[in-house]
Number of protein chains: 2
Amino acid sequence: MHGLAGTTTQAIADRSKISKAKLHYYIDTKDELYRKILEDIYDEWVEMELFHSAGNDLSAKAAISRYISEKLDFSFEQPEKSKIVAIEILSGAPILKEQFSEQKQHTQRAVRVVRRWIKRGEMLDIDPTLLFFMIWGITQHFADAEVEVQSMLGTTSYSAKDRERIKSEVTRFILRGCGISDSE
Amino acid sequence: MHGLAGTTTQAIADRSKISKAKLHYYIDTKDELYRKILEDIYDEWVEMELFHSAGNDLSAKAAISRYISEKLDFSFEQPEKSKIVAIEILSGAPILKEQFSEQKQHTQRAVRVVRRWIKRGEMLDIDPTLLFFMIWGITQHFADAEVEVQSMLGTTSYSAKDRERIKSEVTRFILRGCGISDSE
DNA sequence: GTCTATAAGACGATAGAC
DNA sequence: GTCTATCGTCTTATAGAC
């Protein structure tokens, strides 16, 4: 993963197994291609249901568990996508900045859901927005810092066992952090 | 923050308010400069005491709280440094990879400290390495995803109030996640 | 639609005067 | 040590034949 400047059109063409000229037949500029890819990924990213899921009648425990599971699956299975977005945000989000407002709306809806859980006594009184940051930080770390994580785990890819263990530990950790009882 | 390929020597020279030629008087190649900066930051990064702090007699609660506080301060005060390392790791850590072994040793020592806490009943039985990943993921997110976080908080920089609130919420969240009693 | 060839410019690095 | 000028290379993008 190298971001916009770190990748050449030649490399893109090579990986697509087409010529550079052919690539330019389909796209106008490299920037445009980058922007398109980025927006596609970000849409997929934002639309990952953040608690206002299937039915609003899910318990806090069920909804949060499911969201963590989905986010971790995304990190395990499509780390490249996570990384592309990460580089864009690290760089100050010159392109995605405009779309933050869209995300804000999604998040506001999720904030209200969390507030309801808190009122109902399903979880502790935690700032919902900060809770999202923590969940994002943890789950995305397994994609973005893949090399470091795997190096320390002594592997070169996440085995099915690794995934289960991580998912289980992370879920229980976050649920406890939310003050949601660990036992069934 | 743009990584190695994303920054031109011209930009570096401009920001240093010297000419491009003068820059090349002090450094040989751009790669060399990048490597030097990276290794300096990473050393500072790794040496941030990870639990095997001052005295080994610190309680789990005190040691973890202190570490979170230090990491968050670093994220708030020197986000650029965090970002440079983040980009390097996102890119597969071509340069830092060799130094991972050093970090592994630091981490192994910290793992033993955590194991002791668990044996003593100071905290729940959590995989220490995964715990580190979660703490790193959360704390670094406030630096690396700065734009996104601040955009959602409705600010353009972390105020003293923001910092206190984040630090307090994050610390309590993680301590609860570790099964360490919230009250005094 | 797909190719070869090349234009046009950006960039890292150096030469050489002062 | 610091400057101006420039070389050589890499890269994006286009022109034009087929």
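Labels below follow one simple rule: chain letters A, B, ... track the order of the sequence lines, proteins then strands, and each chain is numbered from 1. For clarity, every value in this text was computed on a predicted model and none was experimentally measured.
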- [ ] Evaluate the ring planes of A/Phe133 and B/Phe142, with Trp represented by its six-membered ring, and classify them as parallel (under 30°), tilted (30 to 60°) or perpendicular (over 60°).
- [x]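 The rings of A/Phe133 and B/Phe142 stand perpendicular, inter-plane angle above 60°.
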Nucleotide N/O of nucleotides 1-4 of chain D paired with protein N/O under 3.5 Å:
unit_1: D/dT2; atom_1: OP2; unit_2: B/Tyr26; atom_2: OH; d: 2.7
unit_1: D/dC3; atom_1: OP2; unit_2: B/Ser19; atom_2: OG; d: 3.3

Task: Any residue meeting side-chain hydrogen bond (donor to acceptor under 3.5 Å, both in side chains) with A/Thr139, in chain and number order, not counting sequence neighbours - done: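 With neighbours one apart ignored, the set is empty.
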Open item on the list: So B/Ile95 and B/Leu4, do their side chains get closer than 4.5 Å, heavy atoms only?
Closed with: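 A side-chain contact is absent here, since even the closest heavy-atom pair is not under 4.5 Å.
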Task: Non-hydrogen side-chain atoms of A/Thr171 and A/Ser69 separated by less than 4.5 Å - done: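 Side chain of A/Thr171 against side chain of A/Ser69, heavy atoms only: no contact under 4.5 Å found.
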Task: For A/Glu122, all residues meeting salt bridge (Lys or Arg N to Asp or Glu O under 4.0 Å), sequence neighbours excluded - done: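 Partners of A/Glu122 by the salt bridge (Lys or Arg N to Asp or Glu O under 4.0 Å) criterion, ordered by chain and then number, come out as A/Arg120.
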- [ ] List in chain and number order the residues that pass side-chain contact (heavy atoms from CB on, under 4.5 Å) with A/Leu33, two or more places apart in sequence or in another chain; answer none if no residue qualifies.
- [x]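 For A/Leu33, the residues satisfying side-chain contact (heavy atoms from CB on, under 4.5 Å) (neighbours in sequence not counted) are A/Ile12, A/Ile27, A/Ile37.
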TODO: Only counting residues at least two apart or in another chain, list the ones meeting side-chain contact (heavy atoms from CB on, under 4.5 Å) with A/Ala21.
DONE: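 With sequence neighbours excluded, A/Ala21 shows a side-chain contact (heavy atoms from CB on, under 4.5 Å) to A/Ser19, given in chain and number order.
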List, with names and distances, any nitrogen or oxygen atoms from the protein found under 3.5 Å away from nitrogen or oxygen atoms belonging to nucleotides 9-13 of chain C.
unit_1: C/dG12; atom_1: OP1; unit_2: B/Thr9; atom_2: N; d: 3.2
unit_1: C/dG12; atom_1: OP1; unit_2: B/Lys30; atom_2: NZ; d: 2.9
unit_1: C/dG12; atom_1: OP2; unit_2: B/Thr9; atom_2: N; d: 2.8
unit_1: C/dG12; atom_1: OP2; unit_2: B/Thr9; atom_2: OG1; d: 2.6
unit_1: C/dG12; atom_1: N7; unit_2: B/Lys20; atom_2: NZ; d: 3.3
unit_1: C/dA13; atom_1: OP2; unit_2: B/Lys30; atom_2: N; d: 2.9

